[in-house]
Each structure stands twice: as structure tokens, then as C-alpha cells.
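Note sheet for the following structure.
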Amino acid sequence: MTPPASSSSRKIRVAWLAPYAVQDLASGIQLSRRPSAYHACSWIVNLSRALARRPDVDLHLITESVYVAQNQTVRHDGITFHVVRQGVPVIHRGFPVWCPLDVLTGFRSSVAALTRTLRAIEPDLVHGHGTEAAYGKAALASGRPCLISIQGIITEYYKTNPDFRFRIVRHFEQDQVRRGKYFTCRTSFDTGFVSAVNPAARIFQIHEAMNPVFFEGEWRVQDEPHVLFVGGLQERKGIRTLILALAEVKRAIPAVKLSVIGGGGGEFAQSLHALVAELGLGANVQFLGQKNADEIGAWHRRAQLFVLPSDNENSPNALAEAMVSGMPVIASNVGGIPSMVEPGQTGLLVEVRNPVALAEAMTRLLQDPAQRARLGANARAVARERHLPESVADATVKAYREILAKENPSPTG
């Protein structure tokens with residue numbers, strides 16, 4: 001959507017501080033090594049590309065990476081990327097779990113490197129994505145008008161995953177929210193968190209932009225009892241609850257299938273495979289590993305039900321993608337998910353960590369094609385309006401202009 005021509009539509013130079021999969025920047029970036037697995041950061045990619053197509057935004061994206069030996073700048077997809085070297089010097093790797101110096105030092109070196117890059121760009125506005133690392137801190141340290149987007153809420157994640165890193169980072173997160181003035185939120189969950197910590201904050205309700213590939217496909221009702229899960233193989237994603245529930249579903253629907261898309265390894269992933277074997281589900285469950293957006297879209301069209309029984313979430317992209325595709329969904333009634341799914345209208349919500357309740361909901365929908373069709377159609381209509389990249393870009397630029405008008409008021413008289 002092209003903004004109307006007016007004096008307020010001058011091009012804004014915006015600097016994003018955000019995660020990005022630098023190996024996707026074609027041949028423009030020289031990597032010291034390539035990752036074996038990585039997060040695609042799809043919400044960043046989708047919105048940045050939509051903003052880059054606009055004539056009123058000059059977008060610079062600054063990201064940290066342990067996969068480069070030196071700082072680099074490249075122009076790609078209409079965006080100027082600034083890749084800042086991060087991690088342990090010389091060996092070009094992240095700080096180990098047993099010695100997280102980045103966290104222990106309050107991300108000091110990262111904030112310094114990011115703010116140096118910002119000074120060279122001289123943006124009108126800085127947009128920091130996330131409060132879980134250095135990006136939000138650097139946005140506040142820039143001295144320029146800044147907007148911080150809430151992604152996950154570490155303070156809440158710590159309650160279900162009380163690891164050492166989260167224990168420390170939650171304090172940095174709360175400090176950022178206290179000191180910031182402008183935030184984007186997507187659900188009542190993150191809005192409530194920001195408002196509780198900083199009642200004076202100006203909060204913009206802006207949803208995440210989903211990949212256009214999910215708007216292209218058309219999900220259809222089929223007879224096969226096929227369930228899909230997409231998410232990291234992490235305990236908080238509720239995959240163990242899903243496997244336990246599947247064992248119950250199998251009693252009523254012996255042919256039920258579960259396809260699991262997501263990266264992750266280590267002891268937890270091994271425990272999931274062991275649980276599948278213990279429950280006699282070897283013929284019913286397949287672990288597919290990581291898939292790209294095109295592949296996930298294809299799996300959306302193969303499956304009949306999307307399930308995400310997380311212990312804690314704000315606004316999971318995997319759930320939004322499934323809804324955009326038009327899939328009927330079941331998710332935990334936790335965090336920000338109730339802001340995304342209206343029970344009985346755009347999906348079903350179940351009690352967290354309750355495999356019996358989840359199994360009952362899964363069995364009911366798998367045996368009711370008319371209900372699946374209704375929920376899927378409703379989810380598609382709502383989600384396609386909510387997550388269209390061009391609409392999200394419009395709302396984002398509107399927020400930028402409001403902030404700049406407040407921070408740099410035009411002289412009167």
C-alpha cells in the first residue's frame with residue numbers, strides 16, 4: 001500500500017537492530033563458517049521486505065553474527081544490512097552456556113559495537129527488536145528516538161524455564177521496559193507486561209507479518225487423520241504433552257499421524273524419541289527436522305490439524321502461519337495465545353500441560369470434518385487481515401511518524 005503524498009511522507013531513515021540469518025544474504029557476505037542450523041527470523045524478514053518496497057522508508061538493518069570475521073555492509077532486497085561481528089574473538093563462536101560473558105557483562109561490548117554503527121548511519125529513528133539481548137539496550141543507548149518491539153517475554157519464560165541466562169536477562173528486560181517510551185506489542189499478554197512495568201509507555205498494537213507463501217496455499221478438508229506440530233524441540237513448546245495426548249488419540253483413531261517440524265537436539269530431543277518408542281507410537285510419529293517456509297506451507301496442506309500445546313508463549317509465528325494457511329488449530333490457553341485464537345470460532349484452546357484435554361480436543365476435531373472446515377475458514381479470514389505484510393508495514397510507518405512528530409515537533413509561528 002503506497003502512502004498518500006503529503007509533507008509528512010518524506011523518506012524516513014530507520015535503523016533496525018534485529019536478529020537476521022546472515023547466510024541468507026546471498027554472496028554479499030563473507031562468512032567465516034556456516035551454521036548447521038539456524039532460526040530464519042521470518043517475522044523480521046517479512047516486515048523488512050515490506051518496508052523496503054515503500055518509497056517513504058530508507059531501511060538499514062543492523063544485526064550481530066558469530067559467523068563473520070569482521071564487520072560488513074551489503075545492500076540486499078532494497079535494504080542496507082550492517083553485519084556486526086559478535087562472540088568470542090578469534091574463534092568466531094558464541095559464548096558458551098557455561099560462561100555466558102555477554103550476559104554477565106550486560107551485553108556491554110555488543111551495545112558499544114551496535115551504537116558505533118548507528119552513529120555512522122545517523123538514522124531518524126531506531127527500532128530495536130526484542131528485549132532478550134543487546135538490541136533493545138542499544139536502541140535506548142543510541143540517544144535517538146527509538147521504538148522497541150516486544151518479542152518473547154523473558155520474565156515470563158523464566159517462570160517455566162528457570163535457567164541461568166533467563167534469570168539474569170529478565171532484569172535487563174525489565175530495565176529496558178522501564179526506560180523506554182515507545183513499544184510495539186501484539187497481544188494482551190505483552191501489553192499487560194509492558195503496562196505493568198511502565199504505565200506511561202506508548203504502546204502500538206502491531207502484529208507480525210507472515211511470509212507471503214502462507215497466503216498462496218489453500219487448505220482443504222481430507223479424510224486422513226494427520227496432525228502437524230511446528231516449533232523448536234524445546235520443552236516449553238509442549239511437544240511432550242502432544243506425544244502423550246497422541247497416545248490417547250490413537251485409542252480412538254488408530255491411524256492417526258503426527259508430523260513434527262522443528263530443529264533441536266541434545267538430551268531433550270533424545271527423550272522425545274524414547275517417549276515415542278515407549279508409547280508404541282513409532283509408526284504414528286515422524287520427526288522431519290527444520291523446514292523452510294515453502295516446505296512448511298506444503299505440510300500445512302497435507303495435515304488436517306495444527307497443534308501447539310506450549311507451556312508459555314506470546315504470539316507464536318508457527319500458530320499465525322497455520323491460521324493464515326486456513327488450518328484448524330488447537331493451542332494452549334496460555335500467554336498471548338488467547339489474543340490470537342477465539343475459542344470455538346478460529347480454533348480451540350486447551351489447558352496447558354493437560355494431555356487428556358488435548359487428546360479429547362484433537363479426537364473431536366479429527367472426527368468432525370465440518371467443524372475443521374468452519375474453524376479453518378474463520379482462522380484464515382481473521383489471520384490474513386491481521387498478518388498481511390503490507391498492512392503491518394503501514395501500521396509500523398504510522399508508528400514511526402507519530403514518534404518522530406512527538407520527539408521532533410515542527411517549529412510554530
Side-chain angles (χ1 to χ4, degrees), residues 10-22 25 28-29 41 43-45 47-52 54 56-87 89 94 102-103 105-151 169 172-173 175-184 201-202 204 206 393 396-397 399-408:
R10 72 170 184 84
K11 181 170 286 194
I12 306 171
R13 174 169 288 189
V14 180
W16 276 20
L17 300 170
Y20 202 93
V22 297
L25 297 179
I29 292 293
C41 303
W43 68 98
I44 298 293
V45 174
L47 180 55
S48 64
R49 288 177 176 172
L51 287 175
R54 297 176 61 106
D56 56 347
V57 175
D58 174 18
L59 181 60
H60 292 248
L61 195 154
I62 309 170
T63 191
E64 292 188 304
S65 176
V66 299
Y67 301 111
V68 297
Q70 65 277 326
N71 296 352
Q72 299 173 56
T73 299
V74 63
R75 185 80 175 171
H76 183 74
D77 282 341
I79 304 164
T80 305
F81 288 89
H82 307 262
V83 183
V84 177
R85 181 175 59 83
Q86 185 250 0
D102 54 343
V103 173
T105 60
F107 303 103
R108 185 178 304 163
S109 62
S110 289
V111 170
L114 293 169
T115 52
R116 281 196 298 270
T117 305
L118 284 170
R119 285 195 293 271
I121 297 170
E122 296 187 339
D124 299 311
L125 181 143
V126 177
H127 188 167
H129 291 261
T131 51
E132 60 269 42
Y135 295 130
K137 292 193 72 172
L140 289 168
S142 70
R144 294 182 177 271
C146 72
L147 173 67
I148 297 176
S149 286
I150 302 297
Q151 295 181 163
V169 170
F172 300 146
E173 175 180 71
D175 180 67
Q176 291 174 53
V177 174
R178 277 191 294 268
R179 295 192 295 119
K181 295 172 66 175
Y182 306 102
F183 297 87
T184 71
R202 168 67 169 101
F204 299 91
I206 302 178
T396 302
V397 172
Y400 292 164
R401 294 202 179 281
E402 179 179 325
I403 293 169
L404 290 174
K406 288 183 178 180
E407 297 297 313
N408 302 306

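Here, residue 1 is the first one in the sequence, and each next residue gets the next number. Just so we're clear, the structure is a prediction, and the values are computed from it rather than from any experiment. Note: hydrogens, waters and symmetry copies are ignored here, and every other heavy atom, side chains too, is used.
A donor-acceptor pair under 3.5 Å is absent between the side-chain atoms of R108 and the main chain of V111, judged by distance alone. Not one N or O on the side chain of T131 forms a donor-acceptor pair closer than 3.5 Å with the backbone of G136. Between the side chain of R13 and the main chain of I121, a donor-acceptor pair closer than 3.5 Å is present. Judged purely by atom type and a 3.5 angstrom limit, T105 uses its side chain to pair as donor or acceptor with the backbone of D102. Using a distance-only test at 3.5 Å, with no hydrogens or angles considered, a donor-acceptor pair links the side chain of K137 to the main chain of G106.
Under the 4.5 Å side-chain criterion, counting only non-hydrogen atoms from C-beta, V126 is not in contact with P145. The closest side-chain heavy-atom distance from Y135 to I148 is not below 4.5 Å. With a 4.5 Å cut-off on side-chain heavy atoms, Q151 and W43 count as touching. Inter-residue side-chain proximity for H82 and N71 is flagged as unmet; no heavy-atom pair is nearer than 4.5 Å. For the pair E402 and R202, the minimum side-chain heavy-atom distance is below 4.5 Å. I29 has its side chain within reach of V68: a pair of non-hydrogen atoms, C-beta onward, lies under 4.5 Å apart. In this structure, the side chains of L118 and P123 come closer than 4.5 Å at one or more pairs of heavy atoms. At a threshold of 4.5 Å between non-hydrogen side-chain atoms, the residues L59 and T80 do not count as touching.
A salt bridge links R49 with D77; the closest basic N to acidic carboxylate O contact falls under 4.0 Å. The pair E64-R85 fails the salt-bridge criterion, with no side-chain N (NZ, NE, NH1 or NH2) lying under 4.0 Å from an Asp/Glu carboxylate O.
Interatomic distance, I79 CD1 to S48 OG, rounded to the nearest 0.5 Å: 3.5 Å. One finds the CD1 atom of I206 at 12.5 Å from the CD1 atom of I150 (value rounded to the nearest 0.5 Å). L147 contributes atom CG, which lies 10.0 Å from atom CG of L404 (distance to the nearest 0.5 angstrom). A distance of 10.0 Å separates CZ of R119 from OG of S142, quoted to the nearest 0.5 Å. Atom CG in L25 sits 12.5 Å away from atom CZ in R75 (nearest 0.5 Å). Note: I62 CD1 to T117 OG1 = 5.5 Å, rounded to the nearest 0.5 Å.
When the shell of 6.0 Å around CZ of R178 is examined, it contains more than 12 heavy atoms from other residues, nucleotides or ligands.
Ring-centre distance between Y20 and F81: below the 6.0 Å cut-off. Ring centroids of H129 and W16 are separated by less than 6.0 Å, placing the two rings close together.
Remark: of the listed residues R401, R144, R10, R10 is the sole one forming a salt bridge (Lys or Arg N to Asp or Glu O under 4.0 Å) with D124. Checking I44, L47, T396, T184 one by one against S149, the side chain to side chain contact (heavy atoms under 4.5 Å, CB included) holds for a single residue, T184.
The two atoms that bring V66 and G87 nearest to each other are CG1-CA, 4.1 Å, heavy atoms only. Contact detail for A134 and S110: the closest heavy-atom pair is CB-CB, 3.6 Å. Closest of all the heavy-atom pairs between F107 and A133 is CZ-CA, 3.7 Å. Taking each heavy atom of A139 and L17 in turn, the nearest pair found is N-CD1, 3.5 Å. Nearest heavy-atom pair across H127 and Y400 is ND1-OH, 2.6 Å.
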Check step by step if side-chain hydrogen bond (donor to acceptor under 3.5 Å, both in side chains) holds for E407 and Y182.
CA-CA 11 Å; E407 297 297 313; Y182 306 102; 2.6 Å; yes
Please test S65 against V84 for side-chain contact (heavy atoms from CB on, under 4.5 Å), starting from the C-alpha separation and ending with a verdict.
CA-CA 6 Å; S65 176; V84 177; over 6 Å; no
